[in-house]
Amino acid sequence: MKLLIRNIGTLAGIDTRQQPLLRRAGGQMAQLESIDNAWLYCVDGRIAEFGNGPEPTIDGGTMVYSAFGGTVLPSWCDSHTHIVYAGSREQEFVDKINGLSYAEIAKRGGGILNSADRLHEMSEDELYEQAMGRVREVMRKGTGCIEIKSGYGLNTWDELKMLRVIDRIKKSTPLKVKSTFLGAHAVGREYAGRQAEYVDLIINEMIPAVAAENLADFIDVFCDEGFFTPDETARILTAGLKYGMRGKIHGQELAPSGGVEVALRHHALSVDHLESMTDDDINMLRRCNTDLMPTALPGTSFFLNMPFAPGRKVIDNGLPLAIASDYNPGSTPSGDMKFAVSLACIKMRLQPTEAINAATINSAAAMGCSDEYGSIAVGKVANFFITEPIPSIDFIPYAYTTPIISRVFLRGEEVKL
Ligand code: NIG
Ligand code: FE
């Protein structure tokens, strides 16, 4: 299958290095290489060639599309979502308007446990159908690669049910899907007041069961005040690593609760949230030569009215930064990566180019797949979208509610929107 996109106004996010970058840190994050008046040629779902000189010779079997002067960007990579969930939680949204905090709602048995109750009642098929509605929505919005977590099961059976749904999404859509086991999202209702026993259940029963069905690429823990301690997190990460699941930690959201340190010590791939990240955390990351990706979730800060992660400081300290949506029913009912990019610019003071790199190459790195996704480079999977003609790259986050996408291509084929 051959595909030629011509009349591209700007082809952005390209990487022409012999060895394309796997992540961008510090000053490199502001560089979003691009060429104007370009074309892009793909063969068998991969990028074969691109340029702004003469087009490659094509045969009758090549699909040819015009970008009509629009911009082409690599698909968004969303490295942190919880899009498999049952129902919605708009009542808590109203509770928050009336003054309750996220933590207070959770303490009353709402929040994550509310979603766990609904998920328990729902069949696997229905859960899949509900999740697919959201999957289609994010594909239309330009996401091509996504991580999806469990964590609304909170008992072995329901956690497996969630992970099987994620596996079905993996197999039935053109998205690149990475799955994460998040049994340690909250203590399951049956274990109320017995957190230590619940942690033992995760380690002794859930992790081996998940591994036996090969259902998770990564393991996550909500390491934060009122949820799991760094010691519990360390034990769970160690157990997961034994089965080949690297950590992706929820850390430093509600309080500076040791999430960065435990993620570093246990060779995690990303540490996400970071709304309460401290200067010590930043210094610790600077000192360690690690591939741990600090990941900000600006949609969460927006929706919960919380401080934003210190993304500007992270980058100014020479570190990389990824951005993801955190799409979930409680803290971020949105998987709109363009909006997350806008928030990163407006609220975290990232340059548009930095925010776009954070939401493409760096978020692919936070899923361990930036060798194949996250930039326009020869040999990479042909995941990209074409925009309507736009005046510049900066227009993308600037026009923060304007839909700009005209066509989406995943694995070198158009996705019907
Ligand atoms: O990443 N912070 C922990 N977990 C999710 C929220 C889950 C929920 O409220 O349902 C998050 O924000
Ligand atoms: Fe999350």
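Remember, it's 1-based here, ligands and their atoms both numbered in the order they're listed. Heavy-atom basis, side chains included; hydrogens, waters and symmetry copies ignored. Nothing fancy with the numbering, it's 1 onward along the sequence.
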Check whether any side-chain heavy atom of E49 sits under 4.5 Å from a side-chain heavy atom of V43, and report yes or no. no

Ring centres of H82 and Y327 under 6.0 Å apart? no

Check the pair F308, F302 against ring pair (Phe, Tyr, Trp, His ring centres under 6.0 Å), reporting the backbone distance first and the verdict last. CA-CA 8 Å; F308 284 74; F302 171 74; 7.7 Å; no

Looking at side-chain heavy atoms only, is the closest gap between K248 and S79 below 4.5 Å? yes

Looking only at protein heavy atoms, what sits closest to atom 12 (O) of ligand 1 is S331 OG, 2.5 Å

Among the N, O or S atoms of D326, which one sits nearest to the Fe ion (ligand 2)? OD1

What atoms in ligand 1 come closer than 4.0 Å to a heavy atom of D326? 1 (O), 11 (C), 12 (O)

More than 12 non-hydrogen atoms from neighbouring residues, nucleotides or ligands closer than 6.0 Å to NZ on K347, yes or no? no

Can you report which non-hydrogen protein atom sits closest to atom 4 (N) of ligand 1, along with the distance? H185 NE2, 2.8 Å

of all protein heavy atoms, closest to atom 6 (C) of ligand 1 is Y102 OH, 3.1 Å

Closest to atom 10 (O) of ligand 1 among F222, F303, Y152 (heavy-atom distance): Y152

Short check: any N/O/S atom of H273 below 2.8 Å from the Fe ion (ligand 2)? no

